[in-house]
Amino acid sequence: MPTSGPLSGKTMFISGASRGIGLAIAKRAAREGANIALIAKTAQPHPKLDGTIYSAAAEIEEAGGQALPIVGDIRDGDAVEAAVATTVERFGGIDICVNNASAINLGSILEVPLKRFDLMNGIEVRGTYAVSQACIPHMINRENPHILTLSPPIRLEPQWLRPTAYMMAKFGMTLCALGMAEELRGHGIASNTLWPRTMIATAAVQNLLGGDAAMARSRTPQIYADAAYAVVTKPADYTGNSLLCEDVLVESGVTDLSVYDCVPGSELGVDLWVDAVNPPGYVQP
């Protein structure tokens, strides 16, 4: 049964939530009885990836929320507009927009073909813009509306300017989010970004970054979900921030981050655009 809380009865529109981090965030909101509209392309099972948009919807409803699975490509503006309209018709409005969908290729400019460049920048940048733009009119005048974009702080030190294509796509998401924060201040809509300090145990880490060994050096998606919850339940004047999951949790009172480790006591892998696995001053109990 859902618990009552700040997200009870709220409606979240989230992209790419058929598995992993997006699904964890959706289920965290669903535990309080939130309505979750999720748009993703995964209608059929994938040979290398767990879950579909329909299995995700079932998990969301089992957690206590109402789910509206929508098959669609967020690069298609008409499809996004239709998905948002369906969400508003079903739930009456949108309170939280989560830009989660992403594609990854860590190749250099000599290795990433334009087709893959277009895919990443299409999903990350165009998709974030399209989903946010479609949701915003239905968030105006809602109680405590939030846009949350899962992208990193912009770091311009030389070591963080590579790999070029993926860097451009993820920084593009962040620039979109920070721009929206300034444009939407007058409408009372918050826009922030959120990124983990460590690798997160997802299919991308399993398949692209080292298999089981990389997963063992990761934290669970729940750390992202709990941090996202902490951000979107803050007052909407908390806006324009590039946040790290662990910092958000420590600031909200979490004293032991080891509960999120996939393998207790393992040496965690630092994520891109981050300097250390833990916030400054944090001491592991």
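Just so you know, these numbers come straight off a predicted model, no measurement behind them.
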For the pair Y282 and T255, evaluate side chain to side chain contact (heavy atoms under 4.5 Å, CB included) and give the outcome as yes or no after the intermediate values.
CA-CA 8 Å; Y282 170 80; T255 58; 6.0 Å; no
How about [atom1] on [X], more than 12 heavy atoms from neighbouring residues, nucleotides or ligands closer than 6.0 Å, or not?
{"X": "I109", "atom1": "CD1", "result": "no"}
{"X": "E267", "atom1": "CD", "result": "no"}
{"X": "E89", "atom1": "CD", "result": "no"}
{"X": "R90", "atom1": "CZ", "result": "yes"}

Answer whether the closest heavy-atom distance between the side chains of [X] and [Y] falls below 4.5 Å.
{"X": "Y166", "Y": "N105", "value": "no"}
{"X": "L148", "Y": "I96", "value": "no"}
{"X": "L184", "Y": "I147", "value": "yes"}
{"X": "L119", "Y": "R116", "value": "yes"}
{"X": "L194", "Y": "C245", "value": "yes"}

Rounded to the nearest 0.5 Å, what's the gap from [atom1] on [X] to [atom2] on [Y]? Could you check?
{"X": "I53", "Y": "L38", "atom1": "CD1", "atom2": "CG", "result": "4.5 Å"}
{"X": "I21", "Y": "L23", "atom1": "CD1", "atom2": "CG", "result": "11.0 Å"}
{"X": "M180", "Y": "H187", "atom1": "CE", "atom2": "NE2", "result": "13.0 Å"}
{"X": "E251", "Y": "K234", "atom1": "CD", "atom2": "NZ", "result": "6.5 Å"}
{"X": "I189", "Y": "N144", "atom1": "CD1", "atom2": "CG", "result": "11.0 Å"}

Results of salt bridge (charged side-chain N to carboxylate O under 4.0 Å, His left out) for E143 - residues two or more places apart only:
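Result, salt bridge (charged side-chain N to carboxylate O under 4.0 Å, His left out) vs E143: none returned.
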Is the side chain of T239 donor-acceptor paired with the backbone N or O of S191 at a distance under 3.5 Å, no angle test?
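Yes: the side chain of T239 pairs with the backbone of S191.
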Qualifying residue for ring pair (Phe, Tyr, Trp, His ring centres under 6.0 Å) with F171, from W160, W195, W273
W273
For residues 128-139, dump all side-chain donor-acceptor pairs below 3.5 Å to protein atoms at least two apart in sequence or in another chain.
from: T128; atom 1: OG1; to: E124; atom 2: O; distance (Å): 2.5
from: S132; atom 1: OG; to: N99; atom 2: ND2; distance (Å): 3.0
from: S132; atom 1: OG; to: T128; atom 2: O; distance (Å): 2.8

Say whether [X] and [Y] are linked into one hydrophobic cluster, either directly or through other cluster members, by side-chain heavy-atom distances under 4.5 angstrom.
{"X": "L178", "Y": "M173", "answer": "no"}
{"X": "Y224", "Y": "M12", "answer": "yes"}
{"X": "V88", "Y": "F13", "answer": "yes"}

Test side chain to side chain contact (heavy atoms under 4.5 Å, CB included) on L156 and L161 and set out the steps.
CA-CA 6 Å; L156 298 180; L161 298 179; 4.0 Å; yes
Go through the structure and list residues passing side-chain hydrogen bond (donor to acceptor under 3.5 Å, both in side chains) with [X], not counting sequence neighbours.
{"X": "R75", "result": "D73"}
{"X": "N35", "result": "T11, Q66"}
{"X": "Y260", "result": "D226"}

Go through the steps to decide whether N121 and M168 satisfy the test side chain to side chain contact (heavy atoms under 4.5 Å, CB included), and finish with yes or no.
CA-CA 8 Å; N121 282 274; M168 291 174 69; 4.2 Å; yes
Give me the atom names and distance for the closest heavy-atom approach of A83 to I70.
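What the structure gives for the nearest pair is O-CD1, 3.6 Å.
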Shortest non-hydrogen separation from I36 to A29 and the atoms involved:
CD1-CB, 3.9 Å
Any pair with a residue in residues 169-185 that passes side chain to side chain donor-acceptor pair (under 3.5 Å), sequence neighbours left out, goes on the list, sorted by first then second residue, please.
S102-K170, S151-T174, E182-R185
CA sep, side-chain torsions, deciding dist, call: S15, I39, side chain to side chain contact (heavy atoms under 4.5 Å, CB included):
CA-CA 5 Å; S15 64; I39 181 171; 4.2 Å; yes
